[in-house]
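One structure below.
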Amino acid sequence: VKAAVPVDYSKAITPLLDRVVVKVLSGERMTAGGLYIPDSASMASGYLKAKVLAIGTGIKTKKGSLRPLDVQVGDTVLFSEYSGTKVQFNSEELHIIHESDVMGVVQE
């Protein structure tokens, strides 16, 4: 049995502007109060916890300078489960979201 080769997503997928490619860490959602709810328990809306795999270059300000993103590859972030777009890549489900959809960075 071959071991899965880790993919460098920052080279495989290049998000544009302020977009971020993330992979949800588990099937759990976090409510606004900070409680984790497994997918099997409820259809209530909440937040997803994900790992940042690739980031865009940033967005241009009104003055024309480039503002880099606040999140970095490897960060663990929270975002609304309804934001962004789901994509299949390398038989994995990834999300492409705007940086503004990130609610916060989780310090572990």
Side-chain angles (χ1 to χ4, degrees):
V1 177
K2 281 187 173 181
V5 177
V7 176
D8 183 0
Y9 288 96
S10 62
K11 293 181 181 173
I13 300 174
T14 305
L16 300 176
L17 302 173
D18 70 332
R19 289 180 179 86
V20 179
V21 178
V22 297
K23 180 179 179 185
V24 176
L25 293 177
S26 66
E28 297 176 331
R29 287 185 302 247
M30 183 187 289
T31 65
L35 300 174
Y36 286 100
I37 301 173
D39 276 342
S40 59
S42 172
M43 294 302 289
S45 64
Y47 303 103
L48 297 173
K49 186 176 177 183
K51 186 79 140 182
V52 175
L53 303 176
I55 60 172
T57 55
I59 56 174
K60 289 200 176 200
T61 64
K62 291 180 181 180
K63 294 182 179 182
S65 62
L66 190 65
R67 186 188 70 80
L69 301 183
D70 292 328
V71 297
Q72 300 298 318
V73 172
D75 284 351
T76 302
V77 297
L78 295 175
F79 68 98
S80 172
E81 65 182 312
Y82 298 112
S83 61
T85 303
K86 291 181 186 178
V87 294
Q88 287 290 105
F89 181 79
N90 220 13
S91 72
E92 294 182 293
E93 185 176 281
L94 305 176
H95 293 252
I96 300 176
I97 60 175
H98 286 276
E99 184 188 32
S100 60
D101 293 332
V102 174
M103 303 294 180
V105 177
V106 177
Q107 303 298 323
E108 298 188 60

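Computed from a predicted structure; not experimentally measured. One-based numbering along the sequence shown.
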Starting at CD1 of Ile96, measure out to CG of Leu16 and round the result to the nearest 0.5 Å.
9.0 Å

Looking at CD1 of Ile59 and CG of Leu66, how far apart are the two atoms once the value is rounded to the nearest 0.5 Å?
8.5 Å

For Val87, is there any backbone N or O sitting under 3.5 Å from a side-chain donor or acceptor partner on Glu93?
no

Kindly say whether Lys51 contributes a backbone atom to a donor-acceptor pair with the side chain of Lys23 at under 3.5 angstrom?
no

Side chain proximity check, [X] to [Y], heavy atoms < 4.5 angstrom:
X     : Y     : value
Leu25 : Thr76 : yes
Leu53 : Leu94 : yes
Val21 : Val52 : no

Which heavy atom of [X] sits nearest a heavy atom of [Y], and at what distance?
X      : Y      : value
Ala54  : Ile13  : CB-O, 3.6 Å
Phe79  : Asp101 : CB-O, 3.5 Å
Met103 : Tyr47  : CE-CE2, 3.6 Å
His95  : Leu48  : CE1-CD1, 4.3 Å
Ile55  : Val71  : CD1-O, 3.7 Å
Ile97  : Gly84  : CG2-CA, 3.7 Å

Trace of the side-chain contact (heavy atoms from CB on, under 4.5 Å) decision for Leu69 with Val20
CA-CA 9 Å; Leu69 301 183; Val20 179; 4.1 Å; yes

Can you list the residues that meet the side-chain hydrogen bond (donor to acceptor under 3.5 Å, both in side chains) rule with Thr61, with sequence neighbours excluded?
Ser65

With sequence neighbours excluded, what pairs up with Asp18 under the side-chain hydrogen bond (donor to acceptor under 3.5 Å, both in side chains) test?
His98

Grouping I, L, V, M, F, W and Y whenever their side-chain heavy atoms are under 4.5 Å apart, do Val24 and Val105 come out in a common cluster?
yes

Taking the basic N atoms (NZ, or NE/NH1/NH2) and the acidic carboxylate oxygens, is any pair closer than 4.0 Å for Arg67 and Glu99?
yes

